[in-house]
Asks: 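Structure in structure tokens, see below.
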Amino acid sequence: GSLTLRVAFSRDAEQKRYVQHLLEEEAEAVWRLVDQLGAHVYVCGDAGKMAHDVHDTLVRIVMQQSRVDSDHQQQQHHDRAAAEKY
């Protein structure tokens, strides 16, 4: 296997970059890696607001990339979470 590390610095840069921004920029690759290759997504940081924002971004990526309805997508996300992919 391999590991790709992306970092986002919201406090150390003039223009804030958050984890969800990086995920959105790489949405197609994130989807392909998780859906086709069974990749796992690991996120380090604040479990408060950031975790919720990252979760919402991943849900949007699944909806957009898989082109399925919201109910079906929610089930897929829960299935992935149960399989510990995120």
Asks: Return the set of residues passing salt bridge (charged side-chain N to carboxylate O under 4.0 Å, His left out) with Asp53 (not counting sequence neighbours), or none when no residue passes.
Replies: Lys49
Asks: Who passes side-chain hydrogen bond (donor to acceptor under 3.5 Å, both in side chains) against Glu24, sequence neighbours left out?
Replies: Arg60
Asks: Using the side chain to side chain contact (heavy atoms under 4.5 Å, CB included) criterion, which residues pair with Glu28? Sequence neighbours excluded.
Replies: Gln65
Asks: Tell me whether Leu5 shares a hydrophobic cluster with Val30, the cluster being built from Ile, Leu, Val, Met, Phe, Trp, Tyr side chains joined at under 4.5 Å.
Replies: no
Asks: Anything under 30° is parallel, anything over 60° is perpendicular, the rest tilted; go ahead and classify His55 against His52.
Replies: tilted
Asks: So Val41 and Leu33, side-chain contact (heavy atoms from CB on, under 4.5 Å) or not? Walk me through it.
Replies: CA-CA 9 Å; Val41 176; Leu33 289 167; over 6 Å; no
Asks: List in chain and number order the residues that pass side chain to side chain contact (heavy atoms under 4.5 Å, CB included) with Leu22, two or more places apart in sequence or in another chain; answer none if no residue qualifies.
Replies: Arg6, Ala8, Arg17, Glu25
Asks: Could you tell me which residues satisfy salt bridge (charged side-chain N to carboxylate O under 4.0 Å, His left out) with Arg32, sequence neighbours excluded, listed by chain and number?
Replies: none
Asks: So if you build clusters from Ile, Leu, Val, Met, Phe, Trp, Tyr with side-chain heavy-atom gaps below 4.5 Å, do Leu58 and Val43 land together?
Replies: yes
